[in-house]
Chemist: 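First, the structure itself, so that you have it in front of you.
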Amino acid sequence: MAPMNSVNREIPLPLRGLEGAQPFGGAWARHAAQPRKLLSAGRPTKVLGSLEEAIRKSGLESGMTISFHHHFREGDQVVNLVMEAIAQAGLRDLTLAASSLTSIHAPLVELCRKGVIKRIFTSGLRGELAEAISHGLMDLPVVIHSHGGRARALLEGGIEPDVAFLGVPSCDCYGNARGWTGRSACGSLGYAMVDARVARTVVLLTDGLEEYPAAPASISQVLVDWIVPVDSVGDPKRISMGATRMTRDPRELLIARRVVDAMDAAGVIRDGFSFQMGSGGASLAAVSFLRQRMMERKARASFALGGITSQTVRMLEEGLVGALFDVQSFDMEAARSLGVNANHFEVDASFYATPDTGGPAVNLLDAVILSALEIDTDFNVNVITGSDGVIRGASGGHCDTAAGSALTIVVAPLVRARTASIVPRVDTVVTPGETVDLIVTDRGTAVNPRRADLKDALAQGGIPTVEIEDLAALAEGITGKPQPVEHTERVVGIVEYRDGTVIDVIRQVKD
Amino acid sequence: MEITKLGMAGTLESCDASVTVEPPETGNSGIELSIDCPDRRFSPHVRKAVLAALQEAGVAAARVFVRDRCALDCTIRARVLAACHRAAERI
């Protein structure tokens, strides 16, 4: 006789076509029993009383991998808080996989020394932690990812977070979370969305618990295990990327004008085009000049991508741009817009920039404006190490957008203080020269010789250009020839290209 | 040019250098030079520019302190000359 299941039905196993089928064993045989309570007794909740409890319940053990996002930028309160609690819990040898780290994360130096943190994956590194790592703090080199490369590694399993600790400005008791409301609003949660998808356990930290349902949500309840209310996830004053008012620096204004003239001569500014611009002074000024030029040309952009600022929001609201794809909102105006504008879309890091998918948004870019610490005569760009060889920057979406965009423009003043921006050989390559088309400085514009089409277009448009070697010579004439930075042989940082291969290494600086 | 009192020129802003020129200690007759240069790649350049400017001013005996903030050679020359002139009561 066939076995009876738990509701007394005879199930004649095996069943043809569904040979692995098992008999029903009761509603809670395979899942934790759902408390059956009236609303008066409260909703089911994932909210825990303390971070310590969340760490315990997450199953985190020594040697595991934890992940964080950087949407609170210099105002982030989450990483230090969680790492301190993890240290208190006595855990060690952790791999910290953050989408980026900033100067606010200086307390991690001590946790690296104590052995709580064994290894760091990040896109950017600044301040005391960057300084200490450059001088040999860690046994294992830090791995620098691009935003697209990090999302690729998360999706392919190169980085496997056991627990993601994600700060969110608002969420409900079941984990529907978003970034454009709440007192620590940061706008898009584009980087965190990938972590929420792949991490084995997801713990949200929030200072903005809302009534259920907090919909629409950027991170869905189905991805979330636990929620911890905390005093503050981010300092609102430091979440926004500084003032986004127009620069008055004449060099930046000159560079911005030249960028827009070059884009125009190259035929980029036409109906349906797309662009991404950074948040640096010259980039922001370029957006303003681009807006004027678009109005003159009666050209409307189909979309703007990337870090979104108040400038691009204004163009969306004026109807000059059809849609915004926002992986990271650089200021409060962008955060506000994300909540109210139907064509302001939040996108995750993988949609933004990951290679080897069906195709990221960077592939649809007609032009991107990027800044740089150094550019060399092969057009290679360094955005990670300073002139003294110390880490002080971020890979970000630099190499992703450079590879995807039809026209990649890199801007820099020829000389900053006594440091040349155009050099014979950059200290560290982040973005390969073959993906960089145009260098615009205050002392001249250089076209990559690989782009003969661009050179012709600029010549026809009456845009004067110079050879990049001449820019390098001009810079050296002003600053003098520097003595080389002295490094030891020891590798302290590994710079991955977006495809996961190693494009350069960072060596320890000599004291 | 004879240095008779303390003369200063320049600031600690980026791209500038703060230069102090004083009479030499009694018994000393040469240049006593102290340079604080945050960018080691350019330390020799700064030293050379300072010494050239002192020579140009005709200063053979002085105590000179330079706090460089990544100034270009032309800036260093201007600051050293101005400090020397002030220290020699020429201006």
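Side-chain atoms are counted along with the backbone in the values below, which use heavy atoms only and exclude waters and symmetry mates. The sequence lines fix the lettering, A, B, ..., with proteins before strands; numbering per chain opens at 1.
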Chemist: With a 4.5 Å limit on heavy-atom distance, are the side chains of A/R490 and A/V505 in contact?
Modeler: no

Chemist: Count the heavy-atom pairs under 4.5 Å between each of A/V485, A/T479, A/D388 and chain B, then report the option with the highest count.
Modeler: A/T479

Chemist: Out of B/S14, B/C70, B/P38, which one racks up the most heavy-atom pairs below 4.5 Å with chain A?
Modeler: B/C70

Chemist: Give, as side chain, backbone, both or neither, the part of B/P44 having an atom under 4.5 angstrom from any heavy atom of chain A.
Modeler: side chain

Chemist: Taking 4.0 angstrom as the limit, do B/R77 and B/E56 come out as a salt bridge?
Modeler: yes

Chemist: Is it true that, when you exclude B/K48 itself, more than 12 heavy atoms of the residues, nucleotides or ligands shown sit nearer than 6.0 Å to its NZ?
Modeler: no

Chemist: Return the option, out of A/G480, A/P482, A/A417, with the maximum number of heavy-atom pairs under 4.5 Å with chain B.
Modeler: A/P482

Chemist: Provide the full list of side chain to side chain donor-acceptor pair (under 3.5 Å) pairs with a residue in residues 123-137 of chain A, sequence neighbours left out, each pair given once.
Modeler: A/H135-A/D511

Chemist: Can you list everything that forms a ring-ring contact (aromatic ring centres under 6.0 Å, His included) with B/F42? Sequence neighbours excluded, please.
Modeler: B/H45

Chemist: With a 4.5 angstrom heavy-atom cut-off, is it the side chain or the backbone of B/D39 that approaches chain A, or both, or neither?
Modeler: side chain

